[in-house]
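Here the structure comes first, spelled out in structure tokens, and everything after it is commentary.
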Amino acid sequence: MAKDEDNSSVHLLDLPWEDVLVPHILRNLPLRHILSLQRVSKPFQSLVHLYLANCRHFDSTQLGSHLPKSTFSELLRNNTVLQKLDLQSCCDWLTDKELLPVIGQNHHLIHINLNSCGQLTRQSLVAISLSCPHLQNICLGHCEWVDCLSLRSLVDHCKCLEAIDLTACRQLKDDTISYLVQKSTRLKSLSLAVNANISDIAVEETAKNCRDLEHLDLTGCLRVKNDSIRTLAEYCTKLKSLKVKHCHNVTESSLGNLRKREVVLDVEPPLQRALVLLQDVVGFGPFINLQI
């Protein structure tokens with residue numbers, strides 16, 4: 001039986017690597033399993049290196065939260081064909097030094113996730129803007145180093161943006177967001193959450209320029225009021241979801257029309273909230289119709 005297994009391994013490596021093994025076998029395995037094959041033999045190690053040089057998607061979350069810097073740099077050293085790069089699990093140590101070489105040699109990236117990568121600087125975002133002209137989706141949530149100049153560089157050079165997450169990018173103000181939406185009219189998803197600098201000005205500019213917008217997150221934008229939400233309802237007829245929790249100046253008077261259009265909102269109607277509270281306090285659940 002052991003002999004048959006050995007023969008099977010040999011036969012596997014005899015298959016065409018670039019035409020069969022990489023695209024049809026390795027591409028369907030979790031990344032951590034692929035990397036473990038390097039310990040089998042030198043031929044398997046070569047096969048894994050070939051895969052890494054040709055992989056289109058790199059998701060660091062598949063390797064857990066303990067991916068060392070040196071390993072990361074080695075894994076992507078020869079790759080020039082990446083389309084999707086997710087580095088959110090590298091947030092504790094990722095700096096410009098590790099990211100810039102990867103960005104500089106990959107000009108086909110369409111999706112980048114740098115969520116919570118707080119040790120980067122504006123240099124990384126400028127490099128992305130210059131190297132990734134086809135970029136469609138970028139997550140910069142909790143990257144407080146994102147500033148006006150670097151974001152303007154991004155939108156000036158990346159004309160295909162459809163989704164951008166700027167959650168807690170607190171250096172950004174209305175004028176920068178207005179510039180973003182005027183240049184990126186194809187946006188379908190935008191998060192401006194947890195930024196007290198954002199007001200009705202930015203939301204109204206978004207509504208008037210991004211008519212295809214489907215998802216907008218304004219959670220915790222304390223200066224946003226009913227007027228801009230009404231403008232949003234008027235112009236963004238394709239809107240599917242809106243988050244306005246902790247926007248204390250946004251009330252049902254502006255949300256009502258969106259609710260009638262079945263836009264998903266993260267706040268309940270006032271009456272329903274009141275009935276739920278009453279049910280919790282008084283215990284009259286059986287007598288309360290929450291569908292009123």
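Since we're looking at a predicted model, the values are computed, not measured.
- For Q38 (side chain) and L35 (main-chain N/O), a donor-acceptor pair under 3.5 Å exists by modelled atom type.
- Considering only heavy atoms from C-beta on, L31 comes within 4.5 Å of L52 through its side chain.
- By the 4.5 Å heavy-atom criterion applied to side chains, L50 and L26 are not counted as neighbours.
- S89 and T61 get closest at one heavy-atom pair: OG-N, 3.4 Å.
- Between atom OG of residue S178 and atom NZ of residue K208 there is a gap of 10.5 Å, rounded to the nearest 0.5 Å.
- Looking at L87, L125, I103 one by one, the single match for side chain to side chain contact (heavy atoms under 4.5 Å, CB included) with I112 turns out to be I103.
- Looking at L213 and Y235, their side chains never come closer than 4.5 Å, going by heavy atoms from C-beta outward.
- The backbone N or O of C117 sits less than 3.5 Å from a side-chain atom of W145, completing a donor-acceptor pair.
- The minimum heavy-atom distance linking C210 with C236 is given by the pair O-SG, 3.5 Å.
- Applying the 6.0 Å contact sphere to CG of L37 captures more than 12 heavy atoms from other residues, nucleotides or ligands.
- Side-chain atoms of N257 never come within 3.5 Å of backbone atoms of R230 as a donor-acceptor pair (strictly under, hydrogens ignored).
- Separation of atoms CG (L232) and CG (D227) is listed at 12.5 Å; rounding is to 0.5 Å.
- By the 4.5 Å heavy-atom criterion applied to side chains, L242 and V264 are not counted as neighbours.
- For the atom pair CG of L218 and OG of S191, the computed distance is 8.0 Å after rounding to the nearest 0.5 Å.
- Between D96 and P101, the shortest heavy-atom distance links the atoms O-CD, 4.1 Å.
- Distance check: Q182 CD to E205 CD gives 5.0 Å after rounding to the nearest 0.5 Å.
- Side chain of S150 to backbone of V146: no donor-acceptor contact under 3.5 angstrom is found.
- Formation of a donor-acceptor pair under 3.5 Å by the D266 side chain with backbone atoms of K245 is found in this model.
- Under a hydrophobic-cluster definition in which Ile, Leu, Val, Met, Phe, Trp and Tyr are linked whenever side-chain heavy atoms come within less than 4.5 Å, directly or via other members, L21 and F44 are assigned to the same cluster.
- With S153 contributing its side chain and L149 its backbone, the two residues share no donor-acceptor pair below 3.5 Å.
- S254 places a side-chain N or O within donor-acceptor distance of the main-chain N or O of T251, the cut-off being under 3.5 Å.
- Considering every non-hydrogen atom in both L82 and N79, the closest pair reads N-OD1, 3.1 Å.
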Take L180 and L172 through the side chain to side chain contact (heavy atoms under 4.5 Å, CB included) test and state the conclusion after the steps.
CA-CA 11 Å; L180 162 68; L172 304 179; over 6 Å; no
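- Criterion: ILVMFWY side-chain heavy atoms under 4.5 Å apart, direct or through other members. Under it, V81 and L75 are not part of a common hydrophobic cluster.
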Residues L63, T71; criterion side chain to side chain contact (heavy atoms under 4.5 Å, CB included); working and verdict
CA-CA 11 Å; L63 300 176; T71 302; 5.9 Å; no
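- Side-chain contact between Q171 and E144 is absent, with no heavy atoms from C-beta onward closer than 4.5 Å.
- Using a cut-off of 4.0 Å between Lys/Arg side-chain N and Asp/Glu carboxylate O, D212 and K238 are scored as salt-bridged.
- Using a cutoff of 4.0 Å between basic side-chain nitrogens and carboxylate oxygens, R122 and D147 are scored as salt-bridged.
- In the model, T95 has a side-chain atom that pairs as donor or acceptor with a side-chain atom of E98 under 3.5 Å.
- Screening R259, E252, K243 for a side chain to side chain contact (heavy atoms under 4.5 Å, CB included) with V267, the sole residue that qualifies is R259.
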Would R186 and K159 count as a side chain to side chain contact (heavy atoms under 4.5 Å, CB included) here? Give the steps.
CA-CA 9 Å; R186 298 171 58 177; K159 306 295 187 182; over 6 Å; no
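- L130 and I110 end up in different hydrophobic clusters when Ile, Leu, Val, Met, Phe, Trp and Tyr side chains are linked at under 4.5 Å.
- The backbone N or O of D174 lies less than 3.5 Å from no partner atom in the side chain of N197, so there is not a single donor-acceptor pair.
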Stepwise side chain to side chain contact (heavy atoms under 4.5 Å, CB included) test for Q62 and D86:
CA-CA 10 Å; Q62 293 186 17; D86 189 331; over 6 Å; no
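- Residues S116 and C91 approach most closely at O-CB, 3.1 Å, considering heavy atoms.
- Interatomic distance, CD1 of I128 versus CD of Q123, reported as 11.5 Å (0.5 Å rounding).
- Counting only distance, with no hydrogens or angles, the side chain of Q136 and the backbone of H111 share no donor-acceptor pair below 3.5 Å.
- Residues L85 and L99 have side chains in contact (heavy-atom distance under 4.5 Å, counting atoms from C-beta outward).
- Between the SG atom of C221 and the NE2 atom of H248 there is a distance of 11.5 Å, given to the nearest 0.5 Å.
- L166 and V194 are members of different hydrophobic clusters when ILVMFWY side chains are connected at heavy-atom separations under 4.5 Å.
- Using a 4.5 Å cut-off on side-chain heavy atoms (C-beta onward), L239 and R261 make contact.
- With contacts defined as side-chain heavy-atom distances shorter than 4.5 Å, the pair N78/H49 does not qualify.
- The neighbour count for K97 NZ, taken as heavy atoms of other residues, nucleotides or ligands under 6.0 Å away, does not exceed 12.
- For the residue pair V250 and V224, the shortest heavy atom distance occurs at CG2-O, 3.6 Å.
- One hydrophobic cluster, built from ILVMFWY side chains closer than 4.5 Å, holds both V181 and Y179.
- Q105 places a side-chain N or O within 3.5 Å of a backbone atom of R77 that can act as its donor or acceptor partner.
- Using a 3.5 Å distance cut-off with no hydrogens or angles, the side chains of N106 and S131 do not pair a donor with an acceptor.
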